[in-house]
There are 2 protein chains.
Amino acid sequence: MQDKRPTEAEMAILGVLWAQGPNTVRAVHGVLEPERSIGYTTVLKLLQIMLDKGLVRRDTAQRSHVYEAAVDRTAIQEALVGDLTDKAFGGSTASLVMRALSPERASAEEIAEVRAWLDGLENGGDA
Amino acid sequence: MQDKRPTEAEMAILGVLWAQGPNTVRAVHGVLEPERSIGYTTVLKLLQIMLDKGLVRRDTAQRSHVYEAAVDRTAIQEALVGDLTDKAFGGSTASLVMRALSPERASAEEIAEVRAWLDGLENGGDA
DNA sequence: AGTTGTCAACGAAGAGTTTCGTACTTCGTT
DNA sequence: AACGAAGTACGAAACTCTTCGTTGACAACT
């Protein structure tokens with residue numbers, strides 16, 4: 001099973017799979033190598049470990065196995081944000097958000113985006 | 001020097017030092033032990049490592065050394081949030097914030113708090 | 001002076017992460 | 001059939017993080 005909370009390298013791979021959908025090892029490596037200079041077998045090994053942990057699934061029908069993310073992006077993001085909230089912000093989500101949105105870190109556009117989203121929340125009411 | 005980004009155990013200790021000010025090893029251990037059941041020498045060792053990394057300072061005038069945080073809480077929080085933004089949200093602060101504030105994670109009070117803070121930002125204008 | 005308690009220092013073990021090299025397999029080309 | 005390219009599997013090394021046991025110093029008390 002998977003205990004949530006992918007490591008840093010695992011997140012990089014999940015990022016590719018979430019963005020591009022199912023991919024072969026070679027394709028994932030192709031995306032990661034330029035920005036991270038990582039070996040092909042390293043990516044392969046990581047994917048095998050992630051398979052073990054249940055973070056990815058794979059289709060071995062072809063010689064080149066095709067991997068796809070087996071965890072929900074939103075769920076992982078929530079777990080990671082929750083973690084950081086507890087570890088560094090005493091459990092206060094509001095503190096974390098204010099720190100994230102401090103004008104040194106966030107652009108005016110991003111702040112406006114959040115603002116608009118909050119307005120939508122109020123009206124829509126959510127599910 | 002320090003390369004920013006304390007580990008999990010280090011953050012727990014920094015949390016104590018930030019909240020309570022300078023403290024002896026025994027005092028830090030006293031706070032942490034109940035919630036984390038950690039040995040005294042473990043805390044000591046951690047503090048020594050953190051001293052090496054420049055995360056804390058210490059006063060050795062007395063037999064019981066007194067440690068204090070040597071890094072700014074806000075700066076660390078920003079570094080950690082920035083990290084998570086890059087690793088899990090494709091660099092989009094707005095995405096992170098929306099995930100953090102999703103009504104499943106954040107209370108209505110926290111959302112209201114952020115909203116009020118955003119209103120203040122708009123008027124105050126900031127630097 | 002001897003005993004007991006408190007403390008810092010050190011070393012080392014165990015777990016988890018990341019990284020590849022090497023070996024073996026499979027397929028297509030010659 | 002032999003060769004080379006492309007793949008997977010495996011094992012192990014190097015790191016980091018966390019944890020604690022042990023040792024030796026110092027102090028306080030009797």
Side-chain angles (χ1 to χ4, degrees), chain A residues 1-16 22-68 76 79-80 83-84 87-88, chain B residues 1-17 22-68 76 80 83-84 87-88:
Chain A
M1 244 340 90
Q2 110 241 18
D3 68 356
K4 284 284 188 309
R5 194 119 4 105
T7 67
E8 193 161 339
E10 288 169 351
M11 275 303 297
I13 288 180
L14 283 175
V16 174
N23 256 316
T24 62
V25 178
R26 182 147 306 281
V28 172
H29 177 249
V31 174
L32 256 30
E33 198 279 333
E35 62 196 42
R36 189 177 257 253
S37 79
I38 189 177
Y40 172 88
T41 55
T42 302
V43 174
L44 170 62
K45 180 65 160 181
L46 247 347
L47 280 165
Q48 287 167 345
I49 291 171
M50 291 167 76
L51 179 65
D52 242 40
K53 294 186 184 176
L55 292 171
V56 297
R57 273 185 294 270
R58 74 174 168 186
D59 175 359
T60 57
Q62 307 304 125
R63 186 156 88 96
S64 294
H65 300 176
V66 175
Y67 290 81
E68 86 181 300
I76 296 293
L80 291 174
D83 245 36
L84 183 58
K87 285 195 311 217
Chain B
M1 246 341 86
Q2 113 241 20
D3 68 355
K4 283 286 191 304
R5 195 118 4 101
T7 66
E8 193 160 340
E10 288 168 350
M11 275 305 297
I13 287 180
L14 283 175
V16 175
L17 297 180
N23 256 317
T24 62
V25 177
R26 183 149 305 280
V28 173
H29 176 249
V31 174
L32 256 31
E33 199 279 333
E35 60 195 43
R36 190 177 257 253
S37 77
I38 188 176
Y40 171 87
T41 55
T42 303
V43 175
L44 171 62
K45 180 65 160 182
L46 248 347
L47 279 165
Q48 288 168 345
I49 291 172
M50 291 167 77
L51 180 66
D52 242 40
K53 294 186 183 176
L55 292 171
V56 297
R57 274 185 294 271
R58 75 173 167 187
D59 175 359
T60 58
Q62 307 304 125
R63 186 155 88 97
S64 294
H65 301 175
V66 176
Y67 290 80
E68 88 182 299
I76 296 293
L80 291 174
D83 244 38
L84 183 58
K87 285 195 311 219

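Owing to the predicted nature of the structure, the values given are computational and were not obtained by experimental measurement. So that the names make sense, note that chain A is the first sequence line, chain B the second, and so on, each numbered from 1.
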Novice: Give the rounded distance in Å between these two atoms: CG of A:Leu47 and C1' of C:dC20.
Specialist: 15 Å

Novice: Find the distance A:Glu33:CD to C:dC20:C1' and express it as a whole number of Å.
Specialist: 14 Å

Novice: Side chains of A:Leu55 and A:Ile49, heavy atoms from C-beta outward: is any pair under 4.5 Å?
Specialist: no

Novice: Let me have the donor-acceptor pairs involving side chains of residues 40-48 of chain B, under 3.5 Å, with sequence neighbours excluded, atom names and distances please.
Specialist:
none

Novice: Which of these nucleotides, C:dT17, D:dC17, C:dC10, is closest to any side-chain atom of B:Lys53?
Specialist: D:dC17

Novice: Can you identify which nucleotide, out of D:dA9, D:dG7, C:dT18, has its nearest atom closest to the A:Thr7 side chain?
Specialist: C:dT18

Novice: With a 4.5 Å heavy-atom cut-off, do A:Asp59 and A:Pro22 have their side chains touching?
Specialist: no

Novice: Which protein N or O atoms sit under 3.5 Å from an N or O of nucleotides 19-28 of chain D?
Specialist:
unit_1	atom_1	unit_2	atom_2	d
D:dC20	OP2	B:Gly39	N	2.8
D:dC20	OP2	B:Thr42	OG1	2.8

Novice: CD of A:Gln62 versus P of D:dA6: gap in Å, rounded?
Specialist: 17 Å

Novice: Evaluate the side-chain proximity of B:Leu17 to B:Glu68: yes if any heavy-atom separation is below 4.5 Å, no if none is.
Specialist: no

Novice: Could you give the distance from CZ (A:Arg58) to OG1 (A:Thr24), rounded to the nearest 0.5 Å?
Specialist: 13.5 Å

Novice: Round to a whole Å and report the spacing from CG of B:Leu44 to P of C:dA12.
Specialist: 17 Å

Novice: Give the rounded distance in Å between these two atoms: CG of B:Asp52 and C1' of D:dT16.
Specialist: 14 Å

Novice: Using whole Å, what does the distance between atom P of nucleotide D:dT8 and atom CZ of A:Arg58 come to?
Specialist: 8 Å

Novice: Can you find a side chain N or O atom of B:Gln48 that sits less than 4.0 Å from OP1 or OP2 on C:dC10?
Specialist: no

Novice: Looking at D:dA9, C:dT18, C:dC10, which one has an atom nearest to any side-chain atom of A:Glu8?
Specialist: C:dT18

Novice: Are any non-hydrogen side-chain atoms of A:Leu51 and A:His65 less than 4.5 angstrom apart?
Specialist: no

Novice: Which atom names give the shortest non-hydrogen contact between B:Ala12 and B:Leu32, and what distance separates them?
Specialist: O-CD1, 4.0 Å

Novice: In whole angstrom, give the distance that lies between atom CG of A:Leu32 and atom P of C:dC20.
Specialist: 12 Å

Novice: Which heavy-atom pair separates B:Val31 from B:Pro34 by the least distance, and what is that distance?
Specialist: O-CD, 3.3 Å

Novice: Whole angstrom is fine here: how far is it from CG in A:Leu51 over to C1' in D:dA9?
Specialist: 13 Å

Novice: Looking at side-chain heavy atoms only, is the closest gap between A:Leu80 and A:Met11 below 4.5 Å?
Specialist: yes

Novice: So how far off straight is the helix from C:dA1-D:dT30 to C:dT30-D:dA1, going by the axes through five pairs at either end, to 10°?
Specialist: 20°

